Amino acid sequence: MKKDYNSYFFTKGEWIKYWGEGFLLCAGINYLFYESWILLLCMLPLPFLFLKWKRKQLVKNQKRVLNHQFKDALDALNVALQAGYSAENAVFACCQELEKIYSEDADIVKEFRYFGVQLNLKVPLEKLLLDFGKRSRVEDIENFAVIFQTAKRTGGDMKTAIEKTAQMLGEKIEVQKEIEATLAAKKSEQMIMSFMPCGIIMYMRLTSPGFLDVLYGNLFGMTAMTICLAVYGTAWWMGRRIVEIQV
């Protein structure tokens with residue numbers, strides 16, 4: 001069954017884990033900002049939004065890993081072509097190399113095994129690559145599929161096309177890794193700063209019981225805490241966007 005990389009299906013364990021995290025998030029917000037059972041019930045839709053956000057993050061990570069794996073696949077494909085294999089036979093050689101690098105459950109291994117089966121059924125390789133790019137929604141894979149199709153139709157130098165594409169993709173991934181390494185400390189700082197407001201409220205509630213009671217159980221306090229929560233959420237969102245740089 002062909003995989004759509006723009007979607008992600010939770011396992012049973014992941015469902016339990018992320019539902020639990022969503023409910024804990026609701027309970028934490030209620031404890032720190034409202035302390036109201038009624039508002040806690042009103043926040044029950046929040047776990048659904050949390051699951052949706054988590055799925056988007058997992059899809060994004062899934063595509064990033066696939067892109068890195070595809071770079072290794074292109075390198076193996078390039079080596080096979082330089083050794084004199086045809087493009088179709090290079091796919092089989094590439095699959096064998098990928099099986100040595102990754103586990104059998106790796107997406108790129110499954111894809112190249114699928115390519116091998118379809119090639120035995122006389123399905124054109126360019127069609128398989130275009131379908132792979134469409135399902136992956138990864139820009140580099142889509143671009144390579146178009147380049148491969150154009151070179152195949154026009155009788156271009158397939159070896160040079162794949163070699164240049166593999167080189168460019170490798171350079172792009174290296175830049176991404178350098179950016180991620182550079183931003184790692186900033187992401188940690190952003191995470192710590194994000195938890196600071198909640199940590200301060202928690203500290204005051206534990207060390208000075210009754211000091212913040214004026215903010216709970218009345219309309220003025222709920223309004224003030226809602227504004228604070230909105231400002232906090234906006235700051236968290238902006239911080240996440242700042243430390244995410246796309247190449």
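Throughout, residue positions are numbered sequentially from 1 according to the sequence presented. Everything quoted here is computed from the prediction, not taken from an experiment.
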Quiz item: Do the side-chain N and O atoms of Asn67 and Lys172 include a donor-acceptor pair separated by under 3.5 angstrom?
Solution: no
Practice problem: Kindly state each residue pair satisfying ring pair (Phe, Tyr, Trp, His ring centres under 6.0 Å) with at least one member in residues 57-78, sequence neighbours excluded. | Solution: Phe70-Phe144
Quiz item: Rounded to the nearest 0.5 Å, how far apart are CH2 of Trp53 and CG of Leu46?
Solution: 11.5 Å
Exercise. Not counting sequence neighbours, which residues clear side-chain contact (heavy atoms from CB on, under 4.5 Å) with Gln118? List them please.
Key: Tyr114, Leu121, Val123, Leu128
Quiz item: Can Glu111 and Arg135 be counted as an ion pair, charged N to O under 4.0 angstrom?
Solution: yes
Quiz prompt | Counterpart residues, salt bridge (charged side-chain N to carboxylate O under 4.0 Å, His left out), relative to Asp4 (two or more places apart) | solution = none
Could you go through residues 17-28 and list every donor-acceptor pair under 3.5 Å that involves a side-chain atom there, pairing it with any protein atom two or more places apart or in another chain?
none

Exercise. For Glu126, enumerate each residue passing the salt bridge (charged side-chain N to carboxylate O under 4.0 Å, His left out) test, keeping only those at least two apart in sequence or located in another chain.
Key: none
Exercise. Please identify each residue that fulfils salt bridge (charged side-chain N to carboxylate O under 4.0 Å, His left out) with Lys71, with sequence neighbours left out.
Key: Asp75
Quiz item: Mind checking who shares a hydrophobic cluster with Val146, ILVMFWY linked at side-chain heavy-atom distances under 4.5 Å?
Solution: Leu130
Practice problem: Kindly write out the residues that satisfy side-chain contact (heavy atoms from CB on, under 4.5 Å) with Met168, not counting sequence neighbours, or none if the list is empty. | Solution: none
Self-check item: Partners passing ring pair (Phe, Tyr, Trp, His ring centres under 6.0 Å) against Phe132 (at least two apart in sequence or in another chain)
Solution: Phe115
Quiz prompt | By side chain to side chain donor-acceptor pair (under 3.5 Å) - contacts of Arg55 (at least two apart) | solution = none
Practice problem: List the steps, then state whether side chain to side chain donor-acceptor pair (under 3.5 Å) holds for Glu14 with Tyr8. | Solution: CA-CA 11 Å; Glu14 288 175 332; Tyr8 187 91; 2.8 Å; yes
Quiz item: Got a second to check how far Thr11's OG1 is from Ile16's CD1, nearest 0.5 Å?
Solution: 8.5 Å
Quiz item: Gln62: what forms a side chain to side chain donor-acceptor pair (under 3.5 Å) with it, not counting sequence neighbours?
Solution: Lys3
Quiz: residues 92-103 side-chain donor-acceptor pairs under 3.5 angstrom, not counting sequence neighbours:
{"unit_1": "Glu99", "atom_1": "OE2", "unit_2": "Arg113", "atom_2": "NE", "d": "3.0"}
{"unit_1": "Glu99", "atom_1": "OE2", "unit_2": "Arg113", "atom_2": "NH2", "d": "3.2"}
{"unit_1": "Tyr102", "atom_1": "OH", "unit_2": "Asp72", "atom_2": "OD2", "d": "2.3"}

Quiz item: Do Thr226 and Tyr34 have a side chain donor and acceptor closer than 3.5 Å?
Solution: yes
Quiz item: Do the non-hydrogen side-chain atoms of Ile141 and Leu66 ever get within less than 4.5 Å of each other?
Solution: yes
